[in-house]
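Working notes, beginning with the structure itself.
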Amino acid sequence: MNYIEITNLDMPELVPYSQISERGLLHYNEPEQGLFVAESPNVIKRALEAGYAPVSFLIEKTQLSGVMAEVLERHPDIPVYTSRKDVLETITGYSMTRGVLCLMRRRPLPEAAALCRSLRRIAVLEEVMNPTNVGAIFRSAAALGVEAVLLTKGCSDPLYRRAARVSMGTVFQIPWAWLEIEDWTEQLHSCGFVTAAMALREDSLPLDAPVLREIPRLAVVLGTEGDGLKSSTIAHCDYTVRIPMSNGVDSLNVAAASAVAFWQLCGKRG
């Protein structure tokens, strides 16, 4: 194995872990695809299984003989930088989940229209900026029958470390793409999708309205954490849909709302 003991915190090979932001890694190799950091054994394994190529590993010494041993054996030529937990956290600036990081190469993304051409149930995220929420939505999507996720440019990147970790690696299993154009609702309509905006409005349908389950191709549209969907987005969607609330609660967090909506509108029944 290509184990490298860290003796100098200023090693240039450690710069992507210590000195470059996630946004910086996204653009690191331009015009080639950028990089990202995956965290925790399960997330890293799912990324590798999905075909993402490792650049290097940063691993706490105690983890070398644990669940990562099999992963490392499959990539004997990839450098594995290792030291004590306190040294690694000095390098990264944060507490590492399970003491394992992997620097990986991004892959080209499909265009949204091409990705969804033959799908029946997709989710659309409009300006969901919190990476924790993005990761949780991907995990619900993977579990509850969503076939792809589309994101507007205001969203957090699904491959950011926290998003991928919260998703339990499902960001590498559920296909996703960016919506590149402003009138993306029209793009979805042209692809044959009926759009359902999740919003609290007087004229909205309840989530269990039978008509929603009968729609052949449905896009469930979810908005940002604070203000929800834009008024213009709601106006351009075919339906506005609400989750009935009790006990004076006005709404759910977008990640929780996504799980409820996906279960009702996308999950299998019977």
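Atom set for the values below is all heavy atoms of this structure, side chains included, hydrogens, waters and symmetry mates excluded.
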In Å, rounded to the nearest 0.5 Å, how long is the span from [atom1] of [X] to [atom2] of [Y]?
X: I4; Y: I59; atom1: CD1; atom2: CD1; value: 11.5 Å
X: L205; Y: Y239; atom1: CG; atom2: OH; value: 7.0 Å
X: C102; Y: M68; atom1: SG; atom2: CE; value: 6.5 Å
X: L150; Y: L119; atom1: CG; atom2: CG; value: 9.0 Å
X: H27; Y: N29; atom1: NE2; atom2: CG; value: 12.0 Å
X: L109; Y: L115; atom1: CG; atom2: CG; value: 9.5 Å

Those residues that, when tested against [X], pass side chain to side chain donor-acceptor pair (under 3.5 Å) (two or more places apart):
X: E73; answer: none
X: Y17; answer: S56
X: R121; answer: none
X: Y94; answer: R161

Applying side chain to side chain donor-acceptor pair (under 3.5 Å) as the test, list every pair that has at least one member in [range]; sequence neighbours left out.
range: residues 57-72; result: E5-K61, E60-T62, E70-R74
range: residues 187-199; result: H189-T195, H189-D238, T195-D238
range: residues 106-118; result: R106-D157

Least distance between heavy atoms, [X] atom then [Y] atom:
X: I6; Y: L9; result: CG2-CD2, 4.2 Å
X: M104; Y: A38; result: SD-CB, 4.2 Å
X: P79; Y: V55; result: CD-O, 3.6 Å
X: V146; Y: I174; result: O-CD1, 3.6 Å
X: L151; Y: S156; result: CD2-O, 3.9 Å
X: A219; Y: L188; result: CB-CD1, 4.1 Å

Carefully, step by step, assess L48 and H75 under the rule side-chain contact (heavy atoms from CB on, under 4.5 Å). CA-CA 10 Å; L48 294 170; H75 302 276; 3.8 Å; yes
*asked:* Is it the case that over 12 heavy atoms from other parts of the model lie below 6.0 angstrom from the CZ atom of R98?
replied: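 No, not enclosed.
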* With a cut-off of 6.0 Å (strictly less than), are more than 12 heavy atoms of other residues, nucleotides or ligands near CG of D227? ->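 Open.
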According to a hydrophobic-cluster definition based on side-chain heavy atoms being under 4.5 Å apart (Ile, Leu, Val, Met, Phe, Trp, Tyr only), do [X] and [Y] belong together?
X: L222; Y: V241; answer: yes
X: M168; Y: Y160; answer: no
X: V100; Y: L35; answer: no
X: V221; Y: V211; answer: no
X: L207; Y: V194; answer: yes

* Does the side-chain contact (heavy atoms from CB on, under 4.5 Å) test come out yes or no for L72 and Y3, once each step is laid out? -> CA-CA 10 Å; L72 299 178; Y3 294 141; 4.0 Å; yes
Compile the donor-acceptor pairs under 3.5 Å between side chains in residues 175-183 and protein atoms, sequence neighbours left out, one pair per line.
from	atom 1	to	atom 2	distance (Å)
W176	NE1	V171	O	3.4

Is [X] reaching over with its side chain to a backbone N or O of [Y], donor-acceptor style, under 3.5 angstrom?
X: T170; Y: Q173; result: no
X: T92; Y: L88; result: yes
X: R162; Y: T132; result: no
X: T233; Y: L229; result: no

Do [X] and [Y] come close enough that some side-chain heavy atom pair is under 4.5 Å?
X: L64; Y: V80; answer: yes
X: R213; Y: L218; answer: no
X: M129; Y: C155; answer: no
X: V124; Y: T185; answer: no
X: P41; Y: V71; answer: no
X: F193; Y: I122; answer: yes

Point to revise | Set of side-chain contact (heavy atoms from CB on, under 4.5 Å) partners for R120, sequence neighbours left out | key: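 In terms of side-chain contact (heavy atoms from CB on, under 4.5 Å), with neighbours along the sequence ignored, R120 is linked to E147.
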Could you work out, with ring pair (Phe, Tyr, Trp, His ring centres under 6.0 Å) as the rule, every residue matching F36, not counting sequence neighbours?
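So F36 forms a ring pair (Phe, Tyr, Trp, His ring centres under 6.0 Å) with Y52, F172.
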_Could you work out, with salt bridge (charged side-chain N to carboxylate O under 4.0 Å, His left out) as the rule, every residue matching R201, not counting sequence neighbours?_
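Once residues adjacent in sequence are excluded, the partners of R201 under the salt bridge (charged side-chain N to carboxylate O under 4.0 Å, His left out) criterion are D203.
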Requested in this report: Would you sort out whether R84 and V87 count as a side-chain contact (heavy atoms from CB on, under 4.5 Å), showing the intermediate values?
Outcome: CA-CA 5 Å; R84 304 187 315 271; V87 173; 3.6 Å; yes
What side-chain donor-acceptor pairs closer than 3.5 Å can you find for residues 133-142, not counting sequence neighbours?
from	atom 1	to	atom 2	distance (Å)
N133	OD1	N253	ND2	3.4
N133	ND2	E225	OE2	3.2
S140	OG	A136	O	3.4

**Study point:** Salt-bridge present (E127, K230; N to O < 4.0 Å)
**Key:**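 Yes, E127 and K230 are salt-bridged.
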task = Please assess E39 against T97 for the test side chain to side chain donor-acceptor pair (under 3.5 Å), listing each intermediate value before the final yes or no.
result = CA-CA 7 Å; E39 180 180 19; T97 301; 3.2 Å; yes
